[in-house]
Structures are given as C-alpha cells and as structure tokens.
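For reference, the structure discussed in these notes is given below.
Every chain is numbered from 1, with letters handed out A, B, ... down the list of sequences.
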Amino acid sequence: MPELPEVETMVRGLRPVLAGRVLRAAKVSDPFLLQDVTAEEFERRVRGATVQGVARRGKWVVFTLAGQRGIIVIQPRMTGGFWLVAPDRPDHVRLTFELDGSDQRVWFCDNRRLGRIAWYPDEEAAERAFGRSHGPDALEIGLDDLATRLKRTRRGIKPALMDQKILAGIGNIYADEVLFRAGLHPERPAHRLTIAEVRRIHAAIPEILNEAIAAEGSTFDRNYRTVLGEEGGFLGQNAVYSRKGLPCTVCGEAIVKTRIAGLIGRPTYFCPKCQRKPTRKRRKT
DNA sequence: CGGTTACCCTGGATGC
DNA sequence: TGCATCCAGGGTAACC
C-alpha cells in the first residue's frame, strides 16, 4: 500500500530512532525479499554499522550507513511496514534490526511478501538502481518537466501518474485523489491534456500529498500503520478513493468505482460529474 | 517501442 | 462452521 505519504511518514518515524545509532545486528528472516544480495552478506555488511541518514526516494526507504558501509534500500510495496513498538514480536517479520546499547528493535514486516530489501555498496550504485525505474519525485517535479513527460505517452492520465518512471511516489489512492482535485477523468489521454489541465494536476499533486503526509497517510482495512502502530488519518479527508456510491463532497453525485485500461485489477474511483470525460462535439442535425 | 496483461504472494472479508 | 471466491495501497516480465 504505502505510497509517498505513507513512506514519508515511516521515514519521519524511523529517523529520530535510527539516525546516529549503531546497528548491533541485522537478521533476515525471509531471504525471499532480498534483491541482489544474500542474507549472509546483508547481515555481515550491516552488523556494527552506524546509521547516518534515513530518507525517502519515491516509495523507497533508504538507510545510509556511515563509513562506506553502504546503502540499505527497503521497498514496502503493498503490505510492508516498520514497527518500533510492539509488546511481542509482530507477525510476518522479514527483517530485524537490533540497536546497540538497548533492547530496542526495528522490525520490517510484510505479510504478502511483495516487499523488497536490497543493499548497495555506495550512493552511486543505489542512485543508478533507483534511476533505472524512476523519474523525478512527485514532490519535486517541475511543471515543464511533468508536461513534457505526459506528452510522451498515449495512456490514460491515471496510469501515467502511477508510472514511477514518469514521476515517483504516486499510487492508486493518491492518483484518484489528485485527479479529483484537478477535475479530470482518469481515462483522459495524457498526451492530449491542455497545459491548463497539466497545471491543475501539477498544483494538485503537492496539495494532496502534503495533506496526506500531515495526516500521516491513509489506513484502509487496518492495513497500514505508522511505526508506532497508529492509523493514518487521511481516511475521512479523501474525496473519492473507496467512496463508491457515497456523495461527491463537491456536487453530491454518487462516486463511481470502475476498472480502467492499463491498470488491470486495480480499482478506480471518480465523480462522474466533476470529472467528465469530454465527448466529441456533436454536430447539429 | 509503447501499451496491456499475467503473475508474483498472503490473509482478511465475503458469500454460499 | 466450513469452504470457495474475491479482494488489496506495488511492481516487473513478457507479450502483442
């Protein structure tokens, strides 16, 4: 689940606990999640290293280790998340960090095992890996850059916004929320949007994402939690996602749930009145 | 090459 | 209660 706001919330929760701390040990309990590294090597690289920084890149959580000890990358994907406090070992633990000088542990849990854990020798290697599949961060991309990138694809605007190669950080929930805020139908071809429409999207992206970050993300079906186990508060502020049949907060029309091309299996919610799909001009008969 | 689909996993919710 | 089916915030490989 975690999209940019949830990952940002995780990072903000982890940073004060991990930054500057020594990792006494790391234990990989599910090697299936590892990418390009064995459990033995991962644990050896991390053991005794000091965490220099905790950051977010798109939907990635990035731990920089001091003293050339490398970079840890964790992708929570759908159901991954971190736990700082738990009375007992939580369910579905895939990776555990033990902190030096205390009993405190940081758990990475992921019931569906879709998450990924990687280690890179340096910033450059991590950056190359990120760049292979990601464009600029959704909170940093400029208007002109966004317009240029959207011009290059004939897909619908929603699949385009969710394409991490175009811009990084937006997933299924916030794509719907951004398009509602911008007043655009999710199937509008990206390359045919007017500059005024792209401008509305570009303005809506940081609005929506920052509102969601302020609320500490979205918790649906009690899946996502902050590192302290709290629910995100964006539910209740969301305009369309998961609101099938409920009245649009702007016009009162019932929100529609559908599936659209390019996003097989993923639900899409929108207001059919506020987000009209332009029809061809009809000739007078 | 660009766009679309199949598939990777698992557990909770829903339906019969 | 038991069992089958559907569903999910993401991402990539393979296909046309």
Side-chain angles (χ1 to χ4, degrees), chain A residues 1-10 29-36 56-61 73-82 90-95 108-118 129-135 138 149-179 186-192 208-209 212-213 215-226 231-244 257-269:
Chain A
M1 66 101 310
E3 303 181 35
L4 186 152
E6 290 76 27
V7 176
E8 180 65 27
T9 302
M10 291 176 189
S29 43
D30 188 356
F32 179 82
L33 274 62
L34 293 173
Q35 265 187 332
D36 305 324
R56 177 189 63 76
R57 296 283 278 125
K59 302 175 190 173
W60 290 14
V61 176
V73 169
I74 297 182
Q75 300 175 242
R77 296 211 183 165
M78 292 278 255
T79 51
F82 294 88
D91 288 338
H92 316 300
V93 172
R94 311 296 176 194
L95 172 67
F108 176 69
C109 307
D110 180 12
N111 73 4
R112 279 174 75 180
R113 306 172 78 203
L114 294 170
R116 291 295 177 267
I117 299 166
F130 186 83
R132 271 197 290 275
S133 52
H134 293 77
R149 287 165 175 273
L150 292 180
K151 268 274 178 269
R152 286 202 287 253
T153 180
R154 302 167 61 83
R155 284 175 296 168
I157 181 60
K158 179 173 179 186
L161 286 180
M162 288 177 65
D163 184 343
Q164 304 302 294
K165 190 91 186 162
I166 292 181
L167 77 172
I170 295 176
N172 203 38
I173 294 177
Y174 299 109
D176 281 358
E177 296 298 319
V178 163
L179 290 173
E187 290 178 291
R188 289 281 305 282
H191 71 297
R192 294 231 304 255
I208 295 290
L209 296 181
I213 290 170
E216 301 194 306
S218 298
T219 296
F220 291 101
D221 297 335
R222 63 180 79 118
N223 258 330
Y224 156 80
R225 285 288 188 283
T226 70
E231 293 192 1
F234 191 72
L235 176 69
Q237 301 179 37
N238 58 320
V240 286
Y241 190 84
S242 88
R243 297 194 67 246
K244 177 187 177 184
K257 175 181 181 178
T258 184
R259 317 253 175 202
I260 67 175
L263 289 176
I264 297 310
R266 316 293 296 279
T268 289
Y269 300 85

ask   = Does any nucleotide pair with B:dC9 by Watson-Crick or G-U wobble geometry, both distances under 3.5 Å, and what is it?
value =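 Paired with B:dC9, as far as the under-3.5 Å criterion goes, is no nucleotide at all.
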query = Under a 3.5 Å cut-off for both distances, is C:dG9 Watson-Crick or wobble paired, and to whom?
reply =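 Partner of C:dG9: none found under 3.5 Å.
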To the nearest Å, give me how far apart [atom1] ([X]) and [atom2] ([N]) are.
X	N	atom1	atom2	result
A:Met162	C:dG9	CE	P	8 Å
A:Arg116	C:dT12	CZ	P	9 Å
A:Lys151	B:dG2	NZ	C1'	17 Å
A:Ile260	B:dT5	CD1	C1'	15 Å
A:Asp36	C:dT12	CG	P	12 Å
A:Lys244	B:dT14	NZ	P	13 Å
A:Leu150	B:dG3	CG	P	12 Å
A:Leu209	C:dG9	CG	P	17 Å

So, does [X] get its side chain near the phosphate of [N], meaning an N or O under 4.0 Å from OP1 or OP2?
X	N	answer
A:Arg259	B:dT4	no
A:Lys165	B:dG2	no
A:Lys59	C:dG11	yes
A:Thr153	B:dG3	yes
A:Arg113	B:dT10	yes

query = Atom NZ in A:Lys151, atom CZ in A:Arg154: separation rounded to 0.5 Å?
reply =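 Those atoms lie 12.0 Å apart.
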request  = Find the distance between CZ (A:Arg116) and CH2 (A:Trp60) and round it off to the nearest 0.5 Å.
outcome  =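 The CH2 atom of A:Trp60 is 12.0 Å from CZ of A:Arg116, to the nearest 0.5 Å.
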[X] side chain: which of [options] is closest?
X	options	answer
A:Asn172	C:dG11, C:dC7, C:dG9	C:dG9
A:Asn223	C:dT12, C:dG9, C:dC7	C:dG9
A:Phe32	B:dC9, C:dG9, B:dT4	B:dC9
A:Arg155	B:dC9, C:dA8, B:dG3	B:dG3
A:Asn111	B:dC9, B:dG11, B:dT5	B:dG11
A:Ser133	C:dT12, C:dG9, C:dA8	C:dT12
A:Ile264	B:dT5, C:dG9, C:dT12	B:dT5
A:Tyr241	C:dG9, C:dG11, B:dG11	C:dG9
A:Arg154	B:dG3, C:dC7, C:dG9	B:dG3

At 4.0 Å (heavy atoms only), tell me whether [X] reaches a base, stays on the sugar-phosphate, or touches nothing.
X	value
A:Lys257	sugar-phosphate
A:Gly115	nothing
A:Pro159	nothing

query = Between A:Phe234 and A:Tyr224, is the gap from one ring center to the other below 6.0 Å?
reply =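 No, the ring centres sit 6.0 Å or more apart.
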message = Within the supplied structure, the quantity of interest is the number of heavy atoms (other residues, nucleotides, ligands) at a distance under 6.0 Å from A:Lys165 NZ; does it exceed 12?
response =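 Enclosed: over 12 neighbouring heavy atoms sit under 6.0 Å from NZ of A:Lys165.
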message = Taking the nucleotide of DNA chain C with the nearest heavy atom to each, does A:Arg112 or A:Gln164 sit closer to the 5' end?
response =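 Nearer the 5' end of the strand: A:Arg112.
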query = Distance between the P atoms of C:dG9 and B:dT14, in whole angstroms?
reply =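 Taking atom P in both C:dG9 and B:dT14, they lie 16 Å apart.
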task = Rounded to whole angstrom, note down the P distance from C:dG11 over to B:dC1.
result =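 Looking at atom P only, C:dG11 and B:dC1 are 23 Å apart.
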query = Out of A:Val93, A:Leu33, A:Val61, which one pairs with A:Phe108 under the side chain to side chain contact (heavy atoms under 4.5 Å, CB included) rule?
reply =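 Of the listed residues A:Val93, A:Leu33, A:Val61, the side chain to side chain contact (heavy atoms under 4.5 Å, CB included) partner of A:Phe108 is A:Leu33.
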message = Between A:Arg149 and A:Asp163 (salt bridge meaning N to carboxylate O under 4.0 Å), is one present in this structure?
response =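 Looking at A:Arg149 and A:Asp163, the cut-off is not met.
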request  = Quick one: closest heavy-atom pair of A:Pro2 and A:Gly80, and the distance?
outcome  =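 What the structure gives for the nearest pair is CG-O, 3.6 Å.
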